[in-house]
Number of protein chains: 4
Amino acid sequence: MSKITLLIHCPDTSGIIAHVTSFFYKKQGNIIYIDQYVDVENTVFFMRLECEFNAETNISATKEEFKETVAEKYNMSWEMYSDNTLPRMAVFVSKYDHCLYDILSRYKSNELKVFIPLIISNHKDLEQVAQNFGIPFHHIPVTAQTKEKAAEIQLELLQKEKVDFIVLARYMQIIPKSLIACFPNRIINIHHSFLPAFAGAKPYHLAYKRGVKIIGATSHYVTEELDAGPIIEQDITRISHSHSIKDLILKGRDLEKIVLAKGVKYHIERKTLVFNNKTIVFI
Amino acid sequence: MSKITLLIHCPDTSGIIAHVTSFFYKKQGNIIYIDQYVDVENTVFFMRLECEFNAETNISATKEEFKETVAEKYNMSWEMYSDNTLPRMAVFVSKYDHCLYDILSRYKSNELKVFIPLIISNHKDLEQVAQNFGIPFHHIPVTAQTKEKAAEIQLELLQKEKVDFIVLARYMQIIPKSLIACFPNRIINIHHSFLPAFAGAKPYHLAYKRGVKIIGATSHYVTEELDAGPIIEQDITRISHSHSIKDLILKGRDLEKIVLAKGVKYHIERKTLVFNNKTIVFI
Amino acid sequence: MSKITLLIHCPDTSGIIAHVTSFFYKKQGNIIYIDQYVDVENTVFFMRLECEFNAETNISATKEEFKETVAEKYNMSWEMYSDNTLPRMAVFVSKYDHCLYDILSRYKSNELKVFIPLIISNHKDLEQVAQNFGIPFHHIPVTAQTKEKAAEIQLELLQKEKVDFIVLARYMQIIPKSLIACFPNRIINIHHSFLPAFAGAKPYHLAYKRGVKIIGATSHYVTEELDAGPIIEQDITRISHSHSIKDLILKGRDLEKIVLAKGVKYHIERKTLVFNNKTIVFI
Amino acid sequence: MSKITLLIHCPDTSGIIAHVTSFFYKKQGNIIYIDQYVDVENTVFFMRLECEFNAETNISATKEEFKETVAEKYNMSWEMYSDNTLPRMAVFVSKYDHCLYDILSRYKSNELKVFIPLIISNHKDLEQVAQNFGIPFHHIPVTAQTKEKAAEIQLELLQKEKVDFIVLARYMQIIPKSLIACFPNRIINIHHSFLPAFAGAKPYHLAYKRGVKIIGATSHYVTEELDAGPIIEQDITRISHSHSIKDLILKGRDLEKIVLAKGVKYHIERKTLVFNNKTIVFI
């Protein structure tokens, strides 16, 4: 038994679904998930498909065949994954521990089908947490002066560990362009507001000042423009006049944990596609 | 320009999606919506598809062709609808007006793609509301003695008006089996609790007594067993110890309106399939 | 039996609650609701209290006595209301009918303890709706040239009808400063986004473009700065990549109705206080 | 600086609020929180109050004085707490780790103002988790035969550690009456359904079978009747036909964590009162 996950986008035209599904039918696969979406404005077709096979599949051969018989015909951008290799995820943290505890708990409970080879931090505060969960911890201090140098050390570690994507679990530093360029749509951040409201620093303080009745959190892919990347997931919670900034921060913690975990899970399970700075999330 | 909506369920096997989508591809249709679901336990395949055509389609001929080339091969239960005929919906009410106001407002605002030929009530209280919205109102009193007779009169009216389905907008009577039998999975009720909690009479009183922190509403298809039919939609709202039964009733009104409207909309837009007393809702 | 509602804010100091509650205790009143809030930053005390009396109360005499024995001592800003006069509410609309239908349905169902003497619109489209519900409708066209003149006519009508507050039920015009000045924190608007995100025109288009996963609505008091007044209530609904702008508009209608109705209800029931461009909502 | 928290219930009559607040006013306290609720049906008055003092307070003397001058006069049931002693909480677990991870993470992050002297389990599976967080772990096996004996050992441990209340973090055993009797309204359980729907075993399986569109979780105080104790907190999440039982279990984990954590927090912060098998939660 093996499973293949396929993500596609290409210019929209008729016949794509018929051809793709026929491809897997002829290979005796059983399609257990199919969803598609057409961006009518830009006439782009998006699709996600999961197909089970009774035997082992040769993923390289399948890729090659799909490329020749289907993908090239429709000028597709596409990715095909086999379920027998786990994605490799790095976690960046600073001093806040709630998102880190949440991710590592889910990891230990086998809720996240991923492998975490390392945690990177600009502070030493959470080293003990990493140790308790048995994950290698790397302390890489970041100052205004050492910013670029730190990014180099980070990149070296990430490449050595063959990291596929990065999760910023309340990592309080701006990611240098050089690092973003190496992980396009592969760095997931959690921002503690319902973006685009209150982008930038201290969103809970701004929310308090404006007197909103709901606060939110947003997980998104990191792009060069701060807090402006493709949104993966958002959620909110109600507040009232009686909540202080401290209350907002405390209530926000649960939001941040849940919204980041969902974003990370969607990414791990290959449910996200990015186009025009927006995500298509097939759930 | 014309549109066809197709609903299918059949024994699961491989190749169904490929064959169905090829059918529409060959007819030069453009699939704008496809979703499928496999009930693994019962090995049943479900599918909903919308297909646009540049020209008018001959729905009868398409049905015939689909039956012969696809449906029979896979032993399908299926329905095919053209978008150029509106479904015809009857509304049953008693004395509560909030759900009726809500439905008629949505109807007048063109939010519901449906035609309402008549409103039936066992009381005269809401006749004025029906008149204000210009809908024929039929007063059919129901007593323990006249129950069956009333059902006959109702059925006659419904058939005369070629009604496709019925909405019980807080109609406080139990529907006789004879009427249910004529409209299987075509009578939509709103129950004022999150079923299966608090089935039967006075759910807000029961919720208050139990001290729940959330109350709910449920729209479902009517079956012979009271409040036990396939659930279409549910929603909830928070309450606290400080809310009296009267408060629950008031807060529940908004829930009932929204949950009934959603259930009705899904039905109108052919988004629901019923199997084993459960709904598949393709949204 | 009679009921008094009291709203207070004043510099915070100890003893206020003891003195206020003693005042009503001595008058043989039964406090059925009390809530208070202290703005620690600005050391301001806020309070809302409902008190029932077995006999009729002389509201003028009670006010005078409260002023002399309590209010002046603590330098209070305060309002005291008797439950035997209904507030008078004007509704402003343009062409969208969903919020108007919702408000008038609630009004007819006795859900809103208010009197609506008139509806004002810059278009004639909704005259029929007003007539169906039996409310006088005034068509006052507004153009760039007639803006100020229109405001004068509106104000005259509002004063003639002794209107206490105004509800903008998707009234698509900016309210002139002259009118705002006559109704400070007494004009309630519904904005179709979770403010402060997407203030100004076309918020659903902006939400679509940004690719958010939730949309919202906000009811707020109108101030001179557009969409920047004190927020009374907000709510949200989930969307996905598959929703078009048209879908957002449709989904947003239910949000707008609920959020506006809640804001209006809180205002009618004297549950709101405004301070520093924020609301205290005692619910 | 010190803080006192007061919880009261007593027969309703006028003057209670005035007398209680005057008591603290005379002691130069500053009331920073006051909320009250009247159960009109049973004419019972409930109140929660927080009062700050600039100096240290003698809690015993204050209690004595309050008893003599206020509590006896109104025949009050009441509890008064000083903020300088932490409540002591025991955690019971079986094999599921998600609620334990959640509670211990919040504990380590100082989100829960509590002290956890021990974890008790009928299995050894989670011993390592307890050790990683540095909490003593006691393995007390429970079989049909050893049930009462186990309860004795548990009780001895709980008394030795001066435990104030118990949290059942998915502890899959029924608590013996003898233990419940020692901790009345002081054992908090998490049930994985929106009670009263799906009480008892395997609620996710029952929810799946019934085809509900929302699932829930409920934290409640344990009473002799299974899953019928006073509800503290509930929350829900949406599901669809496409979710398998396994999906429900997975989605339910986040619900269980949040709903249990909220119930525990309310209890720790003395925000709950129990009356007639219902909770008053002052938030």
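From a predicted model like this one, the values you see are computed outputs, not experimental measurements.
The two residues Gln36(A) and Ile31(B) come nearest to each other via the heavy atoms OE1-O, 4.4 Å. The minimum heavy-atom distance linking Ala18(A) with Tyr25(B) is given by the pair CB-CB, 4.4 Å. When all heavy atoms of Gly29(A) and Ser14(B) are compared, the pair lying nearest together is O-CB, 3.8 Å.
Heavy-atom neighbours of Glu79(B) CD from other residues, nucleotides or ligands within 6.0 Å: above the threshold of 12. Within 6.0 Å of CG on Asn54(A) lie no more than 12 heavy atoms contributed by other residues, nucleotides or ligands. In this structure, Tyr96(A) places its OH atom where only 12 or fewer heavy-atom neighbours from other residues, nucleotides or ligands lie under 6.0 Å away.
For the set Val20(B), Val38(B), Ile34(B), Asp35(B), the count of heavy-atom pairs under 4.5 angstrom toward chain A peaks at Ile34(B).
Side-chain contact between Val40(B) and Ile32(A): absent, with no pair of heavy atoms (C-beta onward) separated by less than 4.5 Å.
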